[in-house]
Undergrad: 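One structure is given below, represented as structure tokens, and several questions about it will come after.
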Amino acid sequence: MPTLFSRILSGEIPGEIVFENEKVFAIRDINPVAPTHILIIPKTEIVGLSSLPAEGDHLAILNAAKEIAEQEGLTDGFRLVINDGADAGQTVPHLHAHLIGGRALGWPPG
Ligand code: AMP
């Protein structure tokens with residue numbers, strides 16, 4: 001059974017795809033916490049960071065973050081967050097990085 005995010009990529013579920021290459025895609029978060037809140041998702045269905053294989057195209061996530069931040073005009077800064085597991089509040093078991101920006105961000109996160 002494809003994950004929620006894979007079903008958005010295939011068009012089965014609606015979503016705004018803002019970036020795509022052969023390794024990753026990115027969608028606007030349905031419940032944004034900042035003016036820009038984009039999820040960067042590897043096309044490979046890895047459950048989360050703690051189950052990341054040793055080998056792979058993981059650098060593609062960072063490269064996409066840089067490119068999307070430029071695309072979104074986040075010249076004053078942005079944050080990239082990966083929630084892993086229950087304590088971090090991960091709700092979708094398909095690895096994704098939250099690209100958040102467009103306002104000053106507090107630290108530390110909750
Ligand atoms: P996490 O809690 O780190 O697993 O993040 C999952 C994110 O997916 C949350 O920020 C949700 O708002 C977001 N989300 C859930 N369903 C959708 C959807 N259909 N389209 C876009 N984003 C979604």
Side-chain angles (χ1 to χ4, degrees):
M1 174 78 174
T3 68
L4 170 67
F5 293 149
S6 292
R7 293 167 73 198
I8 291 174
L9 179 63
S10 70
E12 187 188 334
I13 293 175
E16 187 185 347
I17 296 174
V18 296
F19 178 91
E20 183 177 358
N21 63 24
E22 62 174 3
K23 293 168 184 163
V24 302
F25 63 104
I27 58 172
R28 291 206 189 273
D29 197 292
I30 203 170
N31 186 23
V33 300
T36 295
H37 186 168
I38 289 169
L39 304 175
I40 303 169
I41 307 156
K43 290 185 174 177
T44 305
E45 291 188 344
I46 298 159
V47 171
L49 199 55
S50 57
S51 54
L52 197 68
E55 301 286 323
D57 297 322
H58 318 317
L59 191 58
I61 295 174
L62 298 183
N63 288 331
K66 174 179 180 281
E67 200 168 326
I68 296 166
E70 287 170 5
Q71 191 174 292
E72 293 286 314
L74 300 177
T75 51
D76 291 335
F78 59 89
R79 186 171 291 162
L80 199 62
V81 174
I82 297 177
N83 294 320
D84 189 88
D87 274 1
Q90 183 181 5
T91 56
V92 179
H94 182 161
L95 178 64
H96 52 283
H98 298 251
L99 174 66
I100 299 166
R103 64 169 172 81
L105 300 166
W107 189 264

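Numbering of ligands and ligand atoms starts at 1, following listing order.
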Undergrad: Would you call Glu22 and Lys43 a salt bridge, taking side-chain N to carboxylate O under 4.0 Å as the test?
TA: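 Salt bridge flag = no for Lys43 with Glu22.
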Undergrad: Would you compute the distance between atom NE2 of His58 and atom CG of Leu95 and round it to the nearest 0.5 angstrom?
TA: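 Reported value, rounded in 0.5 Å steps: 8.5 Å.
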Undergrad: Enumerate, one pair per line, all nitrogen or oxygen atoms of ligand 1 lying under 3.5 Å from a protein nitrogen or oxygen, stating the separation to 0.1 Å; write 'none' if no such pair exists.
TA:
from     : atom 1 : to    : atom 2 : distance (Å)
ligand 1 : 2 (O)  : Gly89 : O      : 3.0
ligand 1 : 2 (O)  : Thr91 : N      : 3.3
ligand 1 : 2 (O)  : Thr91 : OG1    : 3.0
ligand 1 : 3 (O)  : Asn83 : ND2    : 2.9
ligand 1 : 3 (O)  : His96 : NE2    : 3.0
ligand 1 : 3 (O)  : His98 : NE2    : 2.8
ligand 1 : 4 (O)  : Thr91 : N      : 2.7
ligand 1 : 4 (O)  : Thr91 : OG1    : 3.2
ligand 1 : 4 (O)  : Val92 : N      : 3.1
ligand 1 : 4 (O)  : His96 : NE2    : 3.0
ligand 1 : 5 (O)  : His96 : NE2    : 2.9
ligand 1 : 5 (O)  : His98 : NE2    : 3.2
ligand 1 : 10 (O) : Asp29 : OD1    : 3.3
ligand 1 : 10 (O) : Asp29 : OD2    : 2.5
ligand 1 : 12 (O) : Asp29 : OD1    : 2.5
ligand 1 : 22 (N) : Ile30 : N      : 3.1

Undergrad: Verify side chain to side chain contact (heavy atoms under 4.5 Å, CB included) between Leu80 and Leu62, making sure each step is shown before the conclusion.
TA: CA-CA 9 Å; Leu80 199 62; Leu62 298 183; 3.6 Å; yes
Undergrad: Hey, quick one: are Val92 and Ile30 part of the same hydrophobic cluster, counting side-chain heavy atoms closer than 4.5 Å, chains of contacts allowed?
TA: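 No, no single cluster joins them.
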Undergrad: Starting at CD1 of Ile41, measure out to CD of Glu20 and round the result to the nearest 0.5 Å.
TA: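 So the CD1 of Ile41 and the CD of Glu20 are separated by 10.5 Å.
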Undergrad: Supply the atom-to-atom distance Ile40 CD1 to His98 NE2, rounded to the nearest 0.5 angstrom.
TA: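 NE2 of His98 is found 10.5 Å from CD1 of Ile40.
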